[in-house]
J.: 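I'd like to ask you about the structure that follows.
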Amino acid sequence: MTRAVPYEFVVVTIFPGMFPGPLESGVVGRAFARGELALRAVDLRGFASGSYRQVDDAPFGGGAGMVLMAEPIYRAVEAARAERPEARTRVVLLDPAGRPFTQQVARELAGWDRLVLVCGRYEGVDDRVRALVDEEVSIGDYVVSGGELPAMVVIDAVARLVPGVVGEPESVVRESFEERLLDHPQYTRPAEFRGMTVPEVLLSGHHADIESWRRRMALERTRERRPDLLHETT
Ligand code: SAM
């Protein structure tokens with residue numbers, strides 16, 4: 001089942017030219033082309049005041065770098081919300097201090113109609129922006145230079161979960177982290193490569209045996225590499 005209205009991503013950024021970038025390729029790119037998804041990058045400078053269109057300023061208290069000002073971000077997000085008041089819109093700030101981004105978070109975000117993603121830059125955003133957004137998301141315990149790459153990661157992961165985007169829904173349901181398991185090993189031709197062979201069962205044509213082997217391998221791999229996933233309760 002596909003959606004009547006496309007799932008929409010709105011990105012608030014000082015570098016709108018970075019979009020769609022890699023999101024134009026592959027399965028997600030095709031869904032944008034088919035109109036199942038929509039993406040708009042909004043230039044934060046368009047919401048700045050004064051002839052210099054200033055969006056950043058020095059931090060109070062001193063210190064290195066610049067901070068994105070609250071005012072233009074508030075204006076940009078309020079404008080995005082007002083564009084489609086009937087839609088269920090979720091506003092997310094990309095921030096290293098946010099909730100760790102997981103498949104579960106992607107699933108939750110795919111349940112909305114629109115996602116407004118606010119990208120920080122420099123030393124980050126004025127802390128009062130946290131009062132504006134619905135939630136904050138981090139893509140991992142490391143720092144990248146801006147929120148644009150994290151926003152792309154979020155968009156790609158969420159887009160895959162929007163009904164109709166990935167051709168075979170089963171391939172999404174069976175992926176790593178769905179059911180709190182890593183994926184089972186996958187092989188393709190040839191059956192023997194540099195002395196390494198494909199497990200016999202996969203060549204057998206016995207679907208039930210293949211299914212139980214895959215389940216067993218997924219469990220084994222998860223136990224070995226990510227035992228924490230098996231003990232998580234949410
Ligand atoms: N001074 C900030 C700190 O130490 O938390 C880092 C600022 S970072 C250079 C600039 C922007 O990149 C952030 O405001 C955020 O939007 C984005 N960013 C960097 N790392 C991120 C991460 N792991 N997850 C999400 N966004 C991130």
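Note that ligands are numbered from 1 as they come in the structure, with each ligand's atoms numbered from 1 the same way.
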J.: Using every non-hydrogen atom in the two residues, find where Glu123 and Gly65 come nearest and quote the distance to one decimal.
T.: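 Closest heavy-atom pair between Glu123 and Gly65: CG-CA, 3.8 Å.
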J.: Extract all donor-acceptor atom pairs below 3.5 Å that involve side chains of residues 17-32 and protein atoms in other chains or at least two apart in sequence.
T.:
none

J.: Distance-only criterion, 3.5 Å: show the donor-acceptor pairs between side-chain atoms of residues 189-206 and protein atoms not counting sequence neighbours.
T.:
residue	atom	partner	partner atom	Å
Ser204	OG	Val201	O	2.6
Ser204	OG	His206	N	3.1

J.: Please check if the side chain of Gln54 supplies one atom and the backbone of Asp56 the other of a donor-acceptor pair under 3.5 Å.
T.: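 Yes: the side chain of Gln54 pairs with the backbone of Asp56.
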J.: Give the residues near ligand 1 by chain and number, with the criterion being a heavy-atom distance under 4.0 Å.
T.: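 For ligand 1, the residues that come within the 4.0 Å heavy-atom cutoff are Leu94, Asp95, Pro96, Gly120, Arg121, Tyr122, Glu123, Gly124, Val137, Ser138, Ile139, Gly140, Tyr142, Val143, Val144, Ser145, Gly146, Gly147, Pro150.
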J.: Could you list the residues that satisfy side-chain contact (heavy atoms from CB on, under 4.5 Å) with Arg40, not counting sequence neighbours?
T.: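 With neighbours one apart ignored, the set is Glu8, Val10, Val42, Glu83, Arg114.
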J.: What's the spacing between Arg128 CZ and Ile73 CD1 if we round to 0.5 Å?
T.: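 CD1 of Ile73 is found 11.0 Å from CZ of Arg128.
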